[in-house]
Every structure is written in C-alpha cells, then in structure tokens.
Amino acid sequence: MRQVKVLRTGLICLALPAAGHAWALDVTVKGLSGPPAENVINILSELEPDSQATRERLDGVVRNRAEQALQAFGYYNAKLATHYPDTDNRQVVIDVEPGERAKITQVDVSLEGDAKQDEAFEQVMRSNPLKVGDPLLHSRYDGFKGKMSTLALERGYFNSRFRQQRIEVRPWENSARIFLDLDSGQRYRFGHVHFQGSQIEPRRLKNMIPFEPGDPYLAGDLATLNQNLGQTDWFAGVAVRPRVNEEATSTTPSPWWSESTGRDTTADPSSVLGGPGLSMARELTDSRPTVVPVDVELTPADRHQFEVGVGYATDVGPRTQFSWTMPWLNRYGHSLTNSLYLSGPEQRFSGEYRIPLETPLRDSYRVRYGLKNIDNEDTKSFESSVQVARHWEFSNGWIQDLYWQTTYEDFTQADQDAAVLLLYPGISWSRTRKRNPIFPSWGDKQELTLEWSDPSWGSDARFVRTTFNSQWVRMLGSENRFVGRIGGGAMATNTFDKIPPSLRFFAGGDQSIRGYSYESLSPENDDGELLGGQHMLTSSVEYQRHLTGNFWSATFVDTGNAFDEWWPDELKTGAGIGVRWISPVGPIRFDIAHPFDDEEDSWRLHFSIGPEF
C-alpha cells in the first residue's frame, strides 16, 4: 500500500535518538556532493564512540539518520550502501544513489484574520519562496513559516495559530504538497504606558512615546521608546515590557503566550470544546478588546558623573581633560556639564546648561559658557564667553542652533593687541552619519555656520563670518577605505585689527594640513609673525589599506592655506604615509608627512587618537 508522508516540522538537522550509547564517526559520502552530503556528514558526526556497540546496531542508526538528512533536501527514494573500513567502527563510507528529487506540486498558503489587511503580511505572502515545480527544501518551508510566526508576534497578533502546517510527500511519484494556513485573529492595540521609578515628571516622558493608546501594536515602537528614554541620560536602567490582556487571549494560546504566562497549554482544547462550540468561543473571545498596556521601569542615573581623559597629539603635546556631568538637576530634566581641558598651548574651562522642552530629545534651550587661555606661536589670548542657544534636532538627522553670543577677549596677535567685547547672533547646521562609531566603514559629517556682528548693538567690531566643513568615509570592498575632507571659512570686515584670534583663520596641523605644525600657516607681518587670515581653505584625500588584524596603512595628500584675499596666492601641500591601529579606545594614527614647499622642514611626525569625526 502506498503511503503518504505527512511532515509537520522541518528535518534539516533532525537527529534520531539512539538507545544506549552513541558513536562518533569519520564519515565519507560518495555519489552525492554539496549541501545534501554535508548535511549527512554533519548529522552523523554528532555520534560518539562506543566500542561495545555492534555493527548492526550502528548501521541502523547511521541509515536512519542519513535518510532523514537526505529527505530534508527532497531525496525520499535514496538508496544507501554502507561500508565500515575499520574493525572498531570509527569510519563509515556511504554510497548514495539519490534517485529523483521530490518536487513541489501544490502550494496552499492562506491567511485569515486581521493580518489579511496588513501590508506587512501582504509583502511576506508576495515573497513566498515555495513555488510549484521547485525541489522540496524543508529549510525553505521552515524559514517561511518562521517568518510568518515572527511577524505575527512583532505586530501584535498574539492569538495567531496555524490551522494547517504540513508537508505531504508522496515518495512513489516524487511529489510534495505544502499546506500553511495562518489564522492571525485580532491585532492587539497599545494601551496606556505606565512609568515606574522615574524622577522626571511624567509629562516629559510621555512626549517621548512614539505611539498613542489605540494604535496597532508594533514591537519596533517599544524598541524606539526604550531608545528614546536611554538617550536622555536621565536613567541608569530602562526596561519596557508589554502587558498582554489575559482576558483577550483565545482558547488556543500560542506558544509565545504559554512562555510569557507560564500556563500549561498542552491539553487538547477539543477535549473541552469541540467543533462548533470551539469556533463560537473563539469568535466571542476575539470580539473582546485586545489591548496591551505597557509598563516602563526606570532607574535614575547617578546625579554626579565624573570622567578623566589623558592623551597626546603632536599639535598640542600631552593633554588631559576632566569632566563633571549632572545628567538631571530637577524633575524637569535640566542638566549641567562642566569640562576642564589642559594642554601646553591651551587651557580651557567650559560648560553647558541644558533646558529640555516639550520634545526633550529634539528641542531645548542651551546656555554655554567658558574661559579660555591660549599661548601658541604668535598668539596670546584670554577669552570669556557666554552663549544662549535654541537647539533643534530634526527627524532627517540635521541639527540647528540659533544663538546669541557674548565674548570678551584680551589678545595679542603678532604686533596687534586689543581688548574687545563682541555681541553677535549666529546660526549653525550640522549632521553626522556613520556606521561603526569607533572606525566607521561609512559615514559623513557636514557643518555650516553663519555669524554677524555690528557696532549698532554695542559690539566693538563689524563682521560677517561663515565656516563650513565636509568629511566623508567610504569603503571599497572590505580592504580599502577612503577618507576625504574639505573645509574653510570666510570673513568680511573693515575692522580686522579688532577681530580676536579665536575668529581669525589659521591652517596646519594634524586635523588640517599635515607636514606643517599646528596653526602655523596664515598671512604674516613684515617681521614674519603670524597675523591670521580672513579666509581659509583646506582639503585632504586619504587612502587606507587593511594590513592585518587591526592595522591599516595610509597614504594621503593635504592642501590649503589661510589668506586675506580670495582666491589665495598659493596653497601649501603636504603628503605622506601612515599607520592606523584600531585600539579599544579608538583609532591611533601615526603619520609621516612632507611639506613640498618648505625646504627647512623636510618632514614632520603626526600622532593623534580618535576617529575622523
């Protein structure tokens, strides 16, 4: 009598249990190659040695497992011949006559319930990999079925169940029929979000919820909520947990429901309700509201956080930085950050007080302040400043700051010295995108700033100033990395002698034009002292090649200058080679650069730590 084999689960990695001890084998497969042969070898290689086992017992297990492994690829009529070269049964050679492969002759995949009108499920159904005429692959069936189950959980169909889930194989005609019928039931919807343990007022937190009560459930929205709360830095721990409405579950809960509630669902529901009674009960339960309240447990972050950093760069020599952060000062989520930076040419104290608005992650007021002392080359300056800014972060990744800055600077630049008070508004836009923050394989950074100062509102100097910067990183394959940069600035003023060094332009150094020392390029006075320029333009192209492990080589060309008249009379160019080590704290760069137009300084070493942007 011909037998139809009905399979309800995949067979790719099935292993038949063997009584008593198991055996480990060195397996050789002949007559078949590729994934089917590899599957036979992988399954049989799991056996462990047992010198007490008889060859007949071993052969039975080997044949059963080999047949299962081949059936996973549609070979249901394979003929096997086994041979054991050694007396200790540690090796087996299997000669396979695979026969004709079973092909799919019927695919019956259907969808019922709310998911029938769900675009995400429509896309999954359109991507069904099970096609009539294709060879039977159990992995393809299992993968598609698992995709449907996973999507149901992600989109809130917690009562979903497969009313049919089977493969019917007819070995005598090498055919297979596939039946998958998913009944999703009703889609759950979000209920209210309940916050516990928060030190921040609830209204601030609710503004970060990416959904409204009554919206269709989506697991991705819970992940977004978790991410939003974590990005505020207000909390040391965030746990977002959906709470399924127990009364709305169907009489045949899914395995997901069983795991979540700990209830026993192994009993056959037909023993309680059968036939029409079961269908009627399901209709009644599915008609109830299916609401998922969300519980959010929060652990406040430490009120005071301290960080110390030590580094070195050829531009400034040894450097250290100490920061003190208070991520939340009150129930409104205000925060304060102070930083002290020390190096040979520059000492700086700076801080920022942040006042979040209705959308805390995107909108805020920021008060920035600082003191800075510089003694470098021909520049001596002491600066104090206060800036009040309105800060926006847009959904497209761009950040906008509209600000008013007050700066008092007492400076000496070459043979010019003054003490000036500057009052000026400004606006800036920036965006940073990157993959892998430590050593980006792809990314770019854009910055643009506009500032305007005028004596009509009490400022000591008149100017219009703009700066721009564009950087990018791209990979070609996995071994070639390209880094590019172009930046500069321009200023229009008729009171240049009152423009402090912090607003003048200088070029040269690790992050500017390698081969030249830090900020050593600018217009000079008659004595050869640096004055700073009204304009600046720099660019760089760098090619990196993977060497081994975390080491990369680099070849680069930098060019540019700071100057008074646009376009510059000459551009300074440096080129060289370097090595990059991707350390746990970030890339460490070591470069040797040659300035082409400076005979007195034929080469210069550059060393720095940190990513390109």
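Remember, predicted model here, so these are calculated numbers, not experimental data.
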Are R241 and D295 within salt-bridge range, i.e. N to O under 4.0 Å? no
Check whether the side chains of H391 and E393 place a donor and an acceptor atom closer than 3.5 Å, and report yes or no. yes
Is there side-chain contact between V40 and L32, with at least one heavy-atom pair below 4.5 Å? no
Report yes if the side chains of P587 and F439 come closer than 4.5 Å at any heavy-atom pair, otherwise no. yes
As a quick check of understanding, evaluate side chain to side chain contact (heavy atoms under 4.5 Å, CB included) for S364 and W392, giving each step before the final call. CA-CA 7 Å; S364 61; W392 293 270; over 6 Å; no
Stepwise side chain to side chain contact (heavy atoms under 4.5 Å, CB included) check, K206 with F195: CA-CA 9 Å; K206 289 179 179 178; F195 294 98; 4.0 Å; yes
Given side chains that start at C-beta, do those of Y403 and Q387 come closer than 4.5 Å, heavy atoms only? yes
When you check the gap from the basic side-chain N to the acidic O, do R354 and E352 get nearer than 4.0 Å? yes
All heavy atoms of P327 vs all of R303, minimum pair found to be CD-O, 3.6 Å
Is there a side-chain contact between D183 and S160 in this structure, where contact means two heavy atoms from C-beta onward sitting under 4.5 Å apart? no
Atom OG of S339 and atom CD of E307: how far apart are they, to the nearest 0.5 Å? 9.0 Å
Going by the rule salt bridge (Lys or Arg N to Asp or Glu O under 4.0 Å), which residues pair with R485 if we only count those two or more places apart in sequence or in a different chain? none
Main chain of L361, side chain of T359: is a donor-acceptor contact present, judged purely on distance under 3.5 Å? no
Mind running salt bridge (charged side-chain N to carboxylate O under 4.0 Å, His left out) on R166 and E168 for me, showing each step along the way? CA-CA 6 Å; R166 71 182 190 274; E168 291 183 359; 2.9 Å; yes
Does one side chain, of Q231 or D233, offer a donor that lies under 3.5 Å from an acceptor on the other? no
When you look at L44 and R65, which way does the side chain to side chain contact (heavy atoms under 4.5 Å, CB included) test go after all the steps? CA-CA 7 Å; L44 294 180; R65 291 198 175 194; 3.6 Å; yes
Is it the case that the side chain of E212 and the backbone of F190 share a donor-acceptor pair, with hydrogens and angles ignored and the cut-off at 3.5 Å? no
Might you point out which heavy atoms bring I438 and S583 nearest each other, and give the distance in Å? CG2-O, 4.3 Å
Are F73 and N39 packed together at the side-chain level, in the sense that at least one heavy-atom pair is separated by less than 4.5 angstrom? yes
Enter the distance from M326:CE to F306:CZ here, rounded to the nearest 0.5 Å. 8.0 Å
Are D181 and D108 packed together at the side-chain level, in the sense that at least one heavy-atom pair is separated by less than 4.5 angstrom? no
Answer yes or no: is there a side-chain heavy-atom contact under 4.5 Å between Q165 and F179? no
Taking the six-membered ring for Trp and the single ring otherwise, decide whether the centroids of Y217 and F158 are under 6.0 Å apart. yes
Count the heavy atoms belonging to other residues, nucleotides or ligands that lie under 6.0 Å from NE2 of H192, then report whether that count exceeds 12. no
Does T224 use its side chain to pair, donor to acceptor, with the backbone of G220 at less than 3.5 Å? yes
With the threshold set at 4.0 Å, does a side-chain nitrogen-carboxylate oxygen contact exist between R204 and E358? no
Once rounded to the nearest 0.5 Å, what's the spacing between atom OG of S441 and atom CZ of R435? 6.5 Å
From S323 atom OG to Y341 atom OH, the distance as rounded to the nearest 0.5 Å: 14.0 Å
Within 6.0 angstrom of W398 CH2, more than 12 heavy atoms from elsewhere: yes
Is it true that R189 and D215 make a salt bridge, defined as a side-chain N closer than 4.0 Å to a carboxylate O? no
Taking every non-hydrogen atom, the tightest pair across N228 and M208: ND2-O, 3.0 Å
Looking at S428 and L448, would you say the former's side chain and the latter's main chain have a donor-acceptor pair under 3.5 Å? no
If we ignore hydrogens and angles and just use 3.5 Å, is the side chain of T232 paired with the main-chain N or O of L229 as donor and acceptor? yes
Checking R390 against Y365: charged group under 6.0 Å from the ring centre and within 45 degrees of the axis? yes
I need the single residue from V238, L205, I209 that forms a side chain to side chain contact (heavy atoms under 4.5 Å, CB included) with L225. Which is it? I209
For R155 and D118: C-alpha separation, side-chain torsions, deciding distance, then whether side chain to side chain contact (heavy atoms under 4.5 Å, CB included) applies. CA-CA 9 Å; R155 301 184 69 81; D118 192 327; 2.9 Å; yes
Considering all heavy atoms, the nearest A176-I167 contact: CB-CG2, 4.3 Å
How about K103: does its NZ atom have over 12 heavy atoms from other parts shown lying under 6.0 Å from it? no
One pair to check against salt bridge (charged side-chain N to carboxylate O under 4.0 Å, His left out): D444 and K434. What are the steps and the verdict? CA-CA 6 Å; D444 53 59; K434 55 185 174 181; over 6 Å; no
Can you measure from CG (L450) to CD1 (I427) and round to the nearest 0.5 angstrom? 7.5 Å
Between the side chain of S175 and the main-chain N/O of P171, is any donor-acceptor distance below 3.5 Å? no
Mind checking whether Y353 and H334 have ring centres under 6.0 Å apart? yes
One should read off an interatomic distance between F162 CZ and L180 CG, to the nearest 0.5 angstrom, of 5.5 Å
Heavy atoms, side chains only, cut-off 4.5 Å: are N338 and F322 in contact? no
Could you name each residue pair satisfying side chain to side chain donor-acceptor pair (under 3.5 Å) that touches residues 542-552, not counting sequence neighbours? E479-H546, N480-Y543, N480-R545, R481-Q544, R514-E542, E542-Q544, E542-R580
If you count the non-hydrogen atoms of other residues, nucleotides and ligands that lie under 6.0 Å from CZ in F394, is the total more than 12? yes
For P242 versus V292, what's the shortest heavy-atom pair and its separation? CB-CG1, 3.6 Å
Salt-bridged, D401 to R366, with N to O below 4.0 Å? no
Donor-acceptor contacts, no H, no angles, side chain residues 125-136, under 3.5 Å, sequence neighbours left out:
{"unit_1": "R126", "atom_1": "NH2", "unit_2": "E119", "atom_2": "OE2", "d": "3.1"}
{"unit_1": "S127", "atom_1": "OG", "unit_2": "Q123", "atom_2": "O", "d": "3.3"}
{"unit_1": "S127", "atom_1": "OG", "unit_2": "V124", "atom_2": "O", "d": "2.8"}
{"unit_1": "N128", "atom_1": "OD1", "unit_2": "L130", "atom_2": "N", "d": "2.9"}
{"unit_1": "K131", "atom_1": "NZ", "unit_2": "N128", "atom_2": "O", "d": "3.0"}

Heavy-atom closest pair, residues Q511 and S608: NE2-OG, 4.1 Å
Side-chain ion pair, D114 and R187, N-O less than 4.0 Å: no
Within 45 degrees of the ring normal and closer than 6.0 Å to the centroid, is that where the cationic atom of K116 sits relative to F121? no
Check the side chains of W429 and Q400 for a donor-acceptor pair under 3.5 angstrom, ignoring hydrogens and angles. yes
